[in-house]
Engineer: 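Sharing a structure here in structure tokens format.
When a ligand or atom number is given, it counts from 1 through the structure's own listing order.
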Amino acid sequence: MESFTQLKNKKVLVTGGAGFIGSNLCQALLNLDVKVTCLDNFATGHQPNITPFLSNPNFTLITGDIRDLEVCNTACKDQDFVLHQAALGSVPRSIADPITSNAVNVSGFLNMLVAARDAKVKRFIYAASSSTYGDHEALPKVEETIGKPLSPYAITKYVNELYAENFFTTYGLNTIGLRYFNVFGRRQDPNGAYAAVIPLFVKQFINHQSPVINGDGSYSRDFTYIDNVVQMNLLAITTQNKQALNQVYNTAVGDRTTLVQLTDLLKKYLSKYDPKIAQVNIVHGPNRIGDIPHSLASVDKAKRLLDYNPTHGIAQGIEEAVDWYWENLK
Ligand SMILES: NC(=O)c1ccc[n+]([C@@H]2O[C@H](COP(=O)([O-])OP(=O)(O)OC[C@H]3O[C@@H](n4cnc5c(N)ncnc54)[C@H](O)[C@@H]3O)[C@@H](O)[C@H]2O)c1
């Protein structure tokens with residue numbers, strides 16, 4: 001992280017900082033002696049994710065909701081940069097309750113843009129999503145070519161991109177959107193109805209329960225370890241390349257792994273801790289409606305404009321994530 005030392009003493013607001021990705025961003029920024037403000041309403045984030053930071057004089061917690069413009073104004077005041085992560089994730093959650101997903105992900109996003117504009121922050125970096133590729137089937141996904149969104153969640157994330165682009169052209173606010181592809185790693189929540197596949201399967205394996213794969217397991221994803229995502233955010237804040245601003249970037253590895261390969265990897269690394277896990281069976285259920293068969297990113301644009309260099313492939317990421325879950329779930 002040597003090249004990011006220029007961030008020392010800068011002020012960065014991380015919204016959703018008590019969540020999975022946000023807390024990892026807070027940690028990386030605090031390691032660089034950045035003055036970090038975390039804004040979170042703990043809707044899906046957890047206090048233990050940020051407990052270690054509370055004693056750090058460089059860390060400030062604002063408990064509040066991005067649906068409240070005044071809260072956003074207070075949080076953005078005097079900030080140099082914003083890393084906007086707060087949102088309600090999960091496609092199924094948005095299908096069950098599109099109104100709340102829209103209120104947080106669209107109206108809350110707009111509040112944050114307005115607040116960032118009015119506070120004159122230097123850059124507004126935000127969590128976009130691979131779901132924006134929707135029904136477009138071509139692989140690998142390149143930023144310029146998207147399909148129709150397949151869920152309310154995907155619509156909210158696409159609207160974010162439209163607003164961000166418009167806030168640059170209309171108000172001159174510099175933005176960068178990072179289209180995250182299936183992020184995983186330490187502190188991703190394994191609990192709840194909308195848990196992501198990797199932490200859910202890890203928890204099930206640890207408890208000797210059979211994970212259920214939707215379909216035959218041939219569906220594939222560009223699973224992206226959290227350290228690669230942290231790197232992209234730091235590059236987005238620090239890049240001196242003017243051409244790199246006001247763009248969206250795939251934030252991924254550029255490699256895909258099927259669900260069967262994923263469960264094999266999880267078993268391999270978890271059974272080092274508990275050999276019985278190697279014997280846990282996988283169960284197959286029906287395909288989930290709206291699931292696309294394959295997802296794979298081109299990361300050429302990020303490499304070209306941001307000098308992105310992913311440090312973790314799937315196997316190394318899974319190994320590190322499993323070590324963390326074993327320590328923290330067992
Ligand atoms: N994890 C992934 O694979 C992935 C993929 C694509 C995009 N994203 C996006 O990345 C961002 C972070 O996701 P995550 O995986 O860390 O999820 P997360 O649920 O762990 O984190 C989201 C955080 O936002 C907070 N939040 C939610 N509503 C809020 C509100 N109204 N006001 C203030 N805070 C609020 C939550 O409490 C939580 O701490 C989200 O915008 C998500 O849509 C994640």
Engineer: Could you go through ligand 1 and note, for every N or O atom, any protein N or O atom closer than 3.5 angstrom, writing the atom names and distance to 0.1 Å, or 'none'?
Structural biologist:
| unit_1 | atom_1 | unit_2 | atom_2 | d |
| --- | --- | --- | --- | --- |
| ligand 1 | 3 (O) | Val183 | N | 2.8 |
| ligand 1 | 16 (O) | Phe20 | N | 3.4 |
| ligand 1 | 16 (O) | Ile21 | N | 2.8 |
| ligand 1 | 19 (O) | Thr44 | OG1 | 2.6 |
| ligand 1 | 20 (O) | Phe20 | N | 2.8 |
| ligand 1 | 26 (N) | Asn41 | OD1 | 3.4 |
| ligand 1 | 31 (N) | Asn41 | ND2 | 3.4 |
| ligand 1 | 31 (N) | Asp65 | OD1 | 2.8 |
| ligand 1 | 32 (N) | Ile66 | N | 3.0 |
| ligand 1 | 34 (N) | Asn41 | N | 3.3 |
| ligand 1 | 34 (N) | Asn41 | OD1 | 3.3 |
| ligand 1 | 37 (O) | Asp40 | OD1 | 2.6 |
| ligand 1 | 37 (O) | Ala43 | N | 3.0 |
| ligand 1 | 37 (O) | Thr44 | N | 3.1 |
| ligand 1 | 37 (O) | Gly45 | N | 2.9 |
| ligand 1 | 39 (O) | Gly19 | N | 3.0 |
| ligand 1 | 39 (O) | Asp40 | OD1 | 3.3 |
| ligand 1 | 39 (O) | Asp40 | OD2 | 2.5 |
| ligand 1 | 39 (O) | Gly45 | N | 3.3 |
| ligand 1 | 41 (O) | Gln85 | O | 2.8 |
| ligand 1 | 41 (O) | Lys157 | NZ | 2.8 |
| ligand 1 | 43 (O) | Tyr153 | OH | 2.7 |
| ligand 1 | 43 (O) | Lys157 | NZ | 3.1 |

Engineer: Give a yes or no on whether a salt bridge exists between Glu327 and Arg186, defined as a side-chain N under 4.0 angstrom from a carboxylate O.
Structural biologist: no

Engineer: Do His312 and Tyr225 make the cut of ring centroids closer than 6.0 angstrom?
Structural biologist: yes

Engineer: Centroid separation under 6.0 Å, is that true for the rings of Phe109 and Tyr163?
Structural biologist: no

Engineer: Indicate whether any N or O donor in one side chain lies under 3.5 Å from an N or O acceptor in the other, for Tyr269 and Asp323.
Structural biologist: no

Engineer: Whether the Asn214 and Asp291 side chains hold a donor-acceptor pair (N or O, under 3.5 Å, no angle test) is what I'd like checked.
Structural biologist: no

Engineer: Would you name the heavy atoms of Leu13 and Gln79 that are closest together and state the gap between them?
Structural biologist: N-OE1, 3.3 Å

